[in-house]
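Some notes on the structure that comes next.
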Amino acid sequence: MVETLLPSRFHSHLQKLDPKRRLLASTIASHKTLIFTFLWIAAFASVFLWQRTSYIGGYVVGPVSGGRFTVFGRAKPLQPVPRLRPAVFDLKEFGGVGDGVAVNTEAFERAVVEISKLGGSGGGQLNVPPGRWLTAPFNLTSHMTLFLAEDSEILGVEDEKFWPLMPPLPSYGYGRERPGPRYGSLIHGQNLRDVVITGHNGTINGQGQSWWKKHQRRLLNNTRGPLVQIMWSSDIVIANVTLRDSPFWTLHPYDCKNVTIRSVTILAPVTGAPNTDGIDPDSCEDMVIEDCYISTGDDAIAIKSGWDQFGIAYGRPSTNILIRNLIVRSVISAGISIGSEMSGGISNVTIENLLIWNSRRGVRIKTAQGRGGYIKNITYKNVTLDNVRVGIVIKTDYNEHADDNYDRKAYPILSGFSFAGIHGQGVRVPVRIHGSEQIPVRNITFRDMSVGLTYKKKHIFQCSFVKGRVFGSIFPRPCENFDVYDEEGRLVKPAAESNVPDIDYDI
């Protein structure tokens with residue numbers, strides 16, 4: 001429960017810090033730095049522990065039953081729900097019962113039908129009041145705001161027979177896990193415009209535990225469904241809510257334009273919750289993800305654009321995406337991934353002001369022969385790695401395919417990667433760039449990098465079939481594939497032009 005309270009304070013702290021002052025620019029992080037960091041994290045955790053005494057507006061507060069806070073023994077009043085649309089409805093008006101037992105699918109459906117009639121007059125707002133609202137999957141409509149009040153929780157029914165089956169995504173050809181149809185999402189929308197999901201940090205809970213167990217035991221015949229999936233839509237805002245325990249990917253915008261995701265907390269167990277990616281922008285254009293905290297059982301964010309020959313044929317890239325001011329963790333996978341399903345192309349992505357902690361990998365780009373497409377013009381700025389096994393990964397042999405009919409000659413193009421302001425400590429391998437003769441990595445730039453290590457071994461900046469440039473002094477020392485320039489842009493040392501693989505997966 002600590003995690004739901006970390007984002008706002010960590011964000012403000014992260015933004016105030018000068019990147020060059022976060023760590024001593026030394027070859028190995030000193031014991032003093034490690035102790036300071038431990039105490040820093042412990043101090044923040046102690047302040048924000050859920051269900052512990054804290055201070056709000058100068059008053060001592062503490063928990064009462066049901067997760068509500070008290071001020072001098074009195075329950076803190078709930079925040080009033082704002083009016084964001086001309087017409088406002090309460091779920092109870094449609095027969096909703098928030099006891100965690102009654103199934104409210106029909107109440108949600110009736111409310112959505114009513115709001116669908118109001119598109120010409122500005123749409124409608126559906127308030128989900130405090131309570132536990134059990135429901136099967138339901139659809140949204142255009143010009144709709146779904147508002148989750150403080151202490152409200154939408155719960156997905158756990159029995160998969162209540163989850164409808166849908167055709168495979170056209171850019172995937174198959175269900176991502178099983179051939180044939182896939183389960184729909186708990187909250188779903190298609191061909192929509194002007195949709196908002198927001199609130200006073202209410203929760204959408206997929207109750208994914210039973211799904212994870214059935215998947216691991218191979219008891220499901222179809223691909224699991226996301227928690228929230230919006231498809232072929234535009235002008236989407238998702239803000240100030242908590243998403244947790246999704247059966248599969250948590251938030252999946254598919255072939256959408258003009259999407260904003262802001263101040264969202266996404267949670268799942270870091271182990272035992274397979275494929276619970278946080279946010280997966282898929283063939284999306286003009287998108288902002290900011291001020292979020294994500295800790296899940298797979299990638300915190302994975303940018304996608306289709307799978308092998310199906311993604312190539314669909315031909316919708318993910319482009320113009322800004323990701324900033326995030327705190328993420330992925331014990332199993334990576335903080336921010338691009339791919340491996342990238343066959344429609346991915347370009348013009350900026351990732352900045354990012355803290356990745358206690359993770360297997362920091363930022364990762366993954367692709368393979370048969371994907372086709374491209375990944376280009378990707379910028380990483382002001383990234384902090386704290387206790388991360390491998391910091392920066394580019395992998396070109398991620399050989400997982402929809403079927404055996406993929407084009408063996410469809411080689412992806414990887415070019416134009418910039419890394420600046422990369423700092424951290426407790427990192428085992430800071431850089432692992434694994435290009436190949438067929439899929440080389442070109443035009444990659446490093447500057448202002450200083451990463452404290454936990455592993456004293458030579459091969460900690462690993463390269464294979466890479467060409468790029470380094471500006472100024474960085475640590476660890478780059479491999480020989482890079483031209484080295486000084487801070488003024490004067491060439492100091494040309495690359496050795498060697499593409500001999502120097503990848504060691506044993507460290």
Side-chain angles (χ1 to χ4, degrees), residues 1 3-5 7-8 50 66-69 76-85 87-112 114-115 123-141 143-157 185-189 192 194-208 226-230 236-246 250-253 259-268 278-279 291-294:
M1 297 300 292
E3 297 161 355
T4 60
L5 295 175
S8 60
W50 188 254
R68 295 284 306 285
F69 282 102
K76 183 176 75 71
L78 295 173
Q79 301 179 67
V81 175
R83 185 185 187 93
L84 305 175
R85 300 276 186 180
V88 179
F89 305 95
D90 189 294
L91 187 61
K92 292 180 180 178
E93 298 175 30
F94 301 92
V97 178
D99 60 0
V101 178
V103 178
N104 294 278
T105 314
E106 292 185 1
F108 278 108
E109 290 175 342
R110 285 194 290 266
V112 170
E114 190 65 28
I115 292 172
Q125 173 177 331
L126 176 61
N127 293 334
V128 181
R132 304 178 75 240
W133 307 89
L134 186 66
T135 181
F138 64 92
N139 294 319
L140 303 178
T141 189
H143 310 293
M144 174 179 179
T145 295
L146 179 65
F147 193 97
L148 283 76
E150 184 179 2
D151 289 346
S152 68
E153 185 173 25
I154 296 175
L155 300 169
V157 295
S185 57
L186 179 62
I187 297 179
H188 191 81
L192 304 182
D194 179 25
V195 173
V196 178
I197 300 174
T198 189
H200 288 147
N201 202 31
T203 298
I204 303 172
N205 186 341
Q207 301 200 106
L227 185 65
V228 178
Q229 184 177 60
I230 309 294
I236 308 300
V237 176
I238 300 174
N240 302 309
V241 292
T242 294
L243 310 177
R244 68 177 310 139
D245 295 345
S246 174
T250 304
L251 177 52
H252 186 213
V259 179
T260 299
I261 300 171
R262 178 184 298 121
S263 300
V264 173
T265 300
I266 300 179
L267 303 173
I279 305 171
D291 304 325
C292 296
Y293 177 82
I294 306 173

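- Val157 places a side-chain heavy atom less than 4.5 Å from the side chain of Leu134.
- Taking 4.5 Å as the limit, every side-chain heavy atom of Ile266 sits out of range of all side-chain heavy atoms of Tyr293.
- Remark: the backbone N or O of Asn205 is not paired with any side-chain donor or acceptor of Thr203 at under 3.5 angstrom.
- Side-chain N or O atoms of Ser246 include one that pairs as donor or acceptor with a backbone N or O of Leu227 at under 3.5 Å.
- For the pair Leu126 and Met144, the minimum side-chain heavy-atom distance is below 4.5 Å.
- The shortest distance between side-chain heavy atoms of Leu186 and Ile204 falls below 4.5 Å.
- Residue Phe108 holds its CZ atom at 7.5 Å from CH2 of Trp133, rounded to the nearest 0.5 Å.
- Residues Ile261 and Cys292 meet the side-chain proximity criterion, which asks for heavy atoms closer than 4.5 Å.
- The closest donor-acceptor contact from the side chain of Gln125 to the backbone of Leu84 lies under 3.5 Å.
- Side-chain contact between Leu267 and Thr265 is present, with at least one heavy-atom pair separated by less than 4.5 Å.
- Within the 4.5 Å cutoff, the side chain of Val88 has no heavy atoms near those of the Phe147 side chain.
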Quiz item: What do the steps show when you test Asn201 against Thr242 for side-chain hydrogen bond (donor to acceptor under 3.5 Å, both in side chains), and what is the final call?
Solution: CA-CA 6 Å; Asn201 202 31; Thr242 294; 2.8 Å; yes
Quiz item: Could you go step by step and tell me if Asn127 and Leu91 meet the side-chain contact (heavy atoms from CB on, under 4.5 Å) rule?
Solution: CA-CA 6 Å; Asn127 293 334; Leu91 187 61; over 6 Å; no
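- Between the CD1 atom of Ile238 and the OG1 atom of Thr260 there is a distance of 9.5 Å, given to the nearest 0.5 Å.
- Of all the heavy atoms in Thr141 and Val195, the pair that sits closest is O-CG2, 3.5 Å.
- Pairs of residues two or more places apart, or lying in two chains, that qualify as salt bridge (charged side-chain N to carboxylate O under 4.0 Å, His left out) and include a residue from residues 101-111 are Glu106-Arg110.
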Exercise. Might you work through the side-chain contact (heavy atoms from CB on, under 4.5 Å) test for Thr135 and Leu155, ending with a clear yes or no?
Key: CA-CA 6 Å; Thr135 181; Leu155 300 169; over 6 Å; no
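- The heavy-atom pair separating Ala107 from Gly95 by the smallest distance is CB-C, 4.1 Å.
- Note that the NE2 atom of His200 and the CD atom of Gln79 stand 4.0 Å from one another [nearest 0.5 Å].
- Of the possible polar contacts, none joining the Asp151 side chain to the Ala149 backbone as a donor-acceptor pair under 3.5 Å is found.
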Exercise. Using the side-chain contact (heavy atoms from CB on, under 4.5 Å) rule, take Asp90 and Val81 through it: C-alpha gap first, then chi angles, then the decisive distance, then the call.
Key: CA-CA 11 Å; Asp90 189 294; Val81 175; over 6 Å; no
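- Within the model, atoms CG of Asn139 and NE2 of His188 stand 6.0 Å from one another, a figure rounded to the nearest 0.5 Å.
- Of all heavy-atom pairs between Pro137 and Ser185, the closest is CB-O, 3.1 Å.
- Atom CD1 of Ile230 sits about 5.0 Å away from atom CD1 of Ile197, to the nearest 0.5 Å.
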Exercise. Tell me, with the steps shown, if Asp194 and His143 meet side-chain hydrogen bond (donor to acceptor under 3.5 Å, both in side chains).
Key: CA-CA 5 Å; Asp194 179 25; His143 310 293; 3.0 Å; yes
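- Listed by chain and number, the residues in a side-chain hydrogen bond (donor to acceptor under 3.5 Å, both in side chains) with Gln207 amount to none (sequence neighbours excluded).
- Contact check for Ile294 versus Ile279: side-chain heavy atoms found under the 4.5 Å cut-off.
- Judged by distance alone, with hydrogens and angles left aside, the side-chain atoms of Thr198 form a donor-acceptor pair with the main-chain N or O of Ala239 at under 3.5 Å.
- Proximity of a side-chain donor or acceptor of Glu114 to a complementary backbone N or O of Ala111 within less than 3.5 Å is not detected.
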Quiz item: Stepwise, does the side-chain hydrogen bond (donor to acceptor under 3.5 Å, both in side chains) test hold for Gln229 with His252?
Solution: CA-CA 5 Å; Gln229 184 177 60; His252 186 213; 2.8 Å; yes
